[in-house]
Protein chains: 2
Amino acid sequence: MPENDPAVPRWRRRKEARPREIVDAALTVFGERGFAAARLEDVAAQAGVSKGTLYLYFPNKEELFKAVVREAILPNLDMAERLLAGAQGPSFAVLETLLTLFATRILKSRAGAIPKLIIAEAGNFPDLARFYYDEVIRRAFALLAAVLERGMARGEFRPVDVDSTVRLIVAPMLMSALWRSSFEALEGRPPDVAALLAAHLDALRRTLAPEGGPPS
Amino acid sequence: MPENDPAVPRWRRRKEARPREIVDAALTVFGERGFAAARLEDVAAQAGVSKGTLYLYFPNKEELFKAVVREAILPNLDMAERLLAGAQGPSFAVLETLLTLFATRILKSRAGAIPKLIIAEAGNFPDLARFYYDEVIRRAFALLAAVLERGMARGEFRPVDVDSTVRLIVAPMLMSALWRSSFEALEGRPPDVAALLAAHLDALRRTLAPEGGPPS
DNA sequence: AGCTAATAACTGACTGGTCAGTAATATTTT
DNA sequence: AAAATATTACTGACCAGTCAGTTATTAGCT
């Protein structure tokens, strides 16, 4: 049943809105299928646009993916960095806020699919891996390392191996994100992120506490 | 320069040895490229065989992959289960042995690539995800849960939320495996698994210790 | 205000390349 | 010779990226 009324155009020119809509559609489709398996035809359909239009705004699939990362992840990192820069109180509270932020802002949004994407495709698309490593991982690790250094300098944390401890902090959050992407459908119940976060914070409190007693 | 001497056959019939060689080649190629992107042509070449031969021993790509998992992972799980069943000493020592076993047997072998594989392809190949979940994840989680229960029953561990704690135990090891597969090439130094394992065990000791003091 | 280029935005059929799986054929072994 | 094992050449489906052509919008002219 084709729409023949010429008063209703088949499409509109919307130069301003397109990139955002395309990136948004791409996040959805990449998240569902991964980078390599995602069909740009599907991204286009999801964005309500034809495949050719994608190429008016993005030179190729990889650049589209980078745009997705920039839009979905980097603003959160910016926020986290500002948070540390302006922190006044105890370091453990900063850590708690950061992890809670991750659990709510990233894990629960469609951006939670991005870690899986990167891990899945790093081998076959080293440029993407490099991009993500430089723009996201390095910054996130540096941020957490700074929190640990701050805590140790203030005597709130016992001395620890910073690099290993950063990985210990990140791992459960990362694993939650991967879990959601991969196995949520197979388990009856959804994973209890809140319980995991609570247990993780509890473990960190005990791990980081100076010998003389727990930090405030 | 073709070999025309009829006394030197171009190939031999080796019905017994083929499956193992093919599975071994498949582990290598799947590990490098992922499941979807791996070319059976490459698996065949790596196994010193032609593509058609693969189909004499495995009905399709998915079944070949399942065979890889069965061969590379399940024997390690069997060993771990026997280890717990025969354990006499303190529960923390069992935990330590299990994690060390993982860090050495899985992480350092080509089998370390399998977690990445599963996570990467779970969305597009739900049958594989189901298979891995049933055959590996459930068993591994049950195993660790049993260690925790044992420790709590013997008063060596304080009472903890078993499910969350199992995830906390697994996450850093899993993350190491994923890291190797994805970012090792991008960093100068290889990740220091020994340091991470030491820090993790230290953190677990503090986390699981009953209030009255650390377990032996 | 209405008509008419000119331009910018968009479409969708097509190309070139890839690869899992199959069929036809060849070689080795018994 | 027959059976078992292996190879090679092929098929069909898939998809990123391209491009010739179409449609909406804007600007210029009257």
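In the text below, chain A, chain B and the rest are named by the order of the sequence lines, each starting its count at 1. Note that the structure is predicted; figures quoted are calculated from it, not measured.
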Please report the distance, rounded to the nearest Å, between [atom1] in [X] and [atom2] in [N].
| X | N | atom1 | atom2 | answer |
| --- | --- | --- | --- | --- |
| A/Glu21 | C/dA9 | CD | P | 15 Å |
| B/Phe58 | C/dT22 | CZ | P | 16 Å |
| A/Leu56 | C/dT11 | CG | C1' | 10 Å |
| A/Phe125 | D/dA16 | CZ | C1' | 11 Å |
| A/Leu54 | C/dT11 | CG | P | 10 Å |
| A/Glu41 | C/dC14 | CD | P | 14 Å |
| A/Tyr55 | D/dG21 | OH | P | 22 Å |
| A/Phe35 | D/dA16 | CZ | C1' | 10 Å |

Discussion item. Please confirm whether the shortest side-chain N or O distance from B/Ser50 to OP1 or OP2 of D/dT7 is below 4.0 Å.
Written reply: yes

Any carboxylate oxygen within less than 4.0 angstrom of a Lys/Arg side-chain nitrogen, looking at [X] and [Y]?
| X | Y | value |
| --- | --- | --- |
| B/Asp24 | B/Arg110 | yes |
| A/Arg139 | A/Asp78 | yes |
| A/Asp161 | A/Arg167 | no |

Practice prompt. Would you check if A/Met173 and A/Leu197 make a side-chain contact, meaning some heavy-atom pair closer than 4.5 Å?
Written response: yes

Worksheet entry | Per B/Arg39 side chain, nearest of listed nucleotides C/dC19, D/dA6, C/dG21 | C/dC19

Worksheet item: Taking the side chain of A/Lys51 as its heavy atoms from C-beta onward, which of D/dT7, D/dA16, C/dC10 lies nearest to it?
Response: D/dA16

Worksheet entry | Atom pair CG/CZ of B/Leu40 and B/Phe30 - distance to nearest 0.5 Å | 6.0 Å

Item to complete: Can you label the angle between the A/Phe65 ring and the A/Phe35 ring as parallel, tilted or perpendicular, going by 30° and 60°?
Response: perpendicular

Discussion item. For a quick check of understanding: with a heavy-atom distance under 4.0 Å over all strands, which category does B/Leu40 fall into, base, sugar-phosphate or nothing?
Written reply: sugar-phosphate

Worksheet item: Touch check for A/Ala44, heavy atoms < 4.0 angstrom, all strands: base, sugar-phosphate only, or nothing?
Response: nothing

Practice prompt. Check A/Gly34 against A/Glu121 and note the closest heavy-atom contact, atom names and distance.
Written response: C-OE2, 3.7 Å

Worksheet item: So which of residues 59-70 of chain A are in contact with DNA chain C, with a heavy-atom cut-off of under 4.0 Å?
Response: none

